[in-house]
Amino acid sequence: KEEGEEEEDREEGEHEKQKENRKTLEEEKETKDGKLMTTEEREKGTVKVKVYFAYVYAGGVVLALLTLLTSVATQGFSVVRDFWLSDWSTAAGNNGSQSDTSSVFWHPNITDVEYYLTGYASLSGAIVAVTLVSQALYVLIGYRAARNLHMAMLDNVIKAPMRFFDTTPLGRIINRFSSDTQTIDQTLPTRFAMTLVNILQCLASIVVNAVVTPWFLVVAVPIIG
């Protein structure tokens with residue numbers, strides 16, 4: 001009777017062992033087939049508008065508006081300075097005569113270069129000052145956006161359930177906090193500033209050409225549209 005009980009216990013132990021081995025094989029199969037670890041999602045095509053708004057919101061809406069305002073002011077002062085230099089050259093060609101009606105600036109009846117030199121220096125100084133403020137705002141927006149996005153990502157990872165760590169490879173999480181964060185820290189602020197400056201320069205060129213040569217709009221509007 002004791003031998004029969006021992007044999008039954010031995011059979012139950014082997015059955016439990018086989019059951020555990022079968023469960024382990026099923027788990028390994030799920031992991032191998034990708035059922036446990038989720039595949040990394042990748043967006044294709046153009047960047048969605050909401051992504052740009054998310055970056056601007058992380059950097060600060062007020063700072064973004066101030067940056068846009070200072071960038072527009074920089075281009076505006078630059079255009080006015082070019083017109084001022086053109087008016088100066090025209091006045092010099094007329095030997096100081098004020099009879100030329102093509103000037104877009106009011107100026108007193110003086111013949112020396114003090115008036116034009118003072119105006120040109122003032123506009124150049126304004127460009128330098130506004131540019132410094134604009135660049136400082138670019139850096140501040142980039143810093144705030146990088147910090148806020150990093151803290152939001154860290155908060156989501158800390159509060160994530162255990163299933164997230166079971167289904168997400170550790171290397172993928174590390175990449176988010178290393179290479180992707182480096183891109184947000186170093187690349188995005190520079191690209192953001194260059195893109196905005198180039199757009200404003202193109203708009204300024206169109207405005208200047210439209211003022212100097214109104215017929216330019218006949219050709220420019222169909223191309224832009």
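This chain uses plain numbering: 1 for the first residue, then up along the sequence.
Applying the salt bridge (Lys or Arg N to Asp or Glu O under 4.0 Å) rule to pairs touching residues 132-159 yields D155-K159, sequence neighbours excluded.
If you take CG on L203 and CG on N198, they are separated by 11.0 Å, rounding to the nearest 0.5 Å. Within the model, atoms CD1 of I199 and CD of Q201 stand 11.0 Å from one another, a figure rounded to the nearest 0.5 Å. Note that CG of L200 is 6.5 Å distant from CG of L68, once rounded to the nearest 0.5 Å. Here CD1 of I141 is found 12.5 Å from CG of L188. Values are rounded to the nearest 0.5 Å. Taking CG of L196 as the reference point, atom CD of Q75 lies at 9.0 Å (rounded to 0.5 Å). The structure places CG of D87 at 13.5 Å from OH of Y120, a figure rounded to the nearest 0.5 Å.
Taking the salt bridge (charged side-chain N to carboxylate O under 4.0 Å, His left out) definition, one finds that D180 meets it with R176, sequence neighbours left out.
Of all heavy-atom pairs spanning L63 and L137, the tightest one is CD2-CD2, 4.0 Å. Smallest separation of non-hydrogen atoms from F165 and V157: CZ-O, 3.4 Å. Contact between G142 and Y55 at its shortest, heavy atoms only, is CA-OH, 3.8 Å. Scanning both residues, V130 and A73, for their nearest heavy atoms gives CG1-CB, 4.0 Å. Looking at every heavy atom in both residues, W84 comes nearest to Y116 through NE1-O, 2.8 Å. Nearest heavy atom pair, residue P189 against residue I184, reads CD-O, 3.3 Å.
Tracing side-chain contacts under 4.5 Å through hydrophobic residues (I, L, V, M, F, W, Y), one never reaches L65 starting from V197; they form parts of separate clusters. Neither V62 nor Y138 shares a network with the other; the hydrophobic side chains, linked directly or stepwise wherever heavy atoms of I, L, V, M, F, W or Y lie under 4.5 Å apart, form separate groups for each. A continuous path of hydrophobic side-chain contacts links I127 to L85 [ILVMFWY only; heavy atoms under 4.5 Å]. Hydrophobic clustering (ILVMFWY, side-chain heavy atoms < 4.5 Å, transitive): F77 and V72 are in distinct clusters. Cluster membership check: M153 does not share its hydrophobic cluster with L149, using side-chain heavy-atom separations under 4.5 Å among Ile, Leu, Val, Met, Phe, Trp and Tyr.
Within 6.0 Å of CZ on F164 lie more than 12 heavy atoms contributed by other residues, nucleotides or ligands. More than 12 heavy-atom neighbours from other residues, nucleotides or ligands sit within 6.0 angstrom of CZ on F177.
Side chain of S71 to backbone of T67: a donor-acceptor contact under 3.5 angstrom is found. S86 contributes no side-chain N or O that, together with a main-chain N or O of D82, makes up a donor-acceptor pair within less than 3.5 Å.
Members clustered with V56: none, using a 4.5 Å side-chain heavy-atom cutoff among hydrophobic residues.
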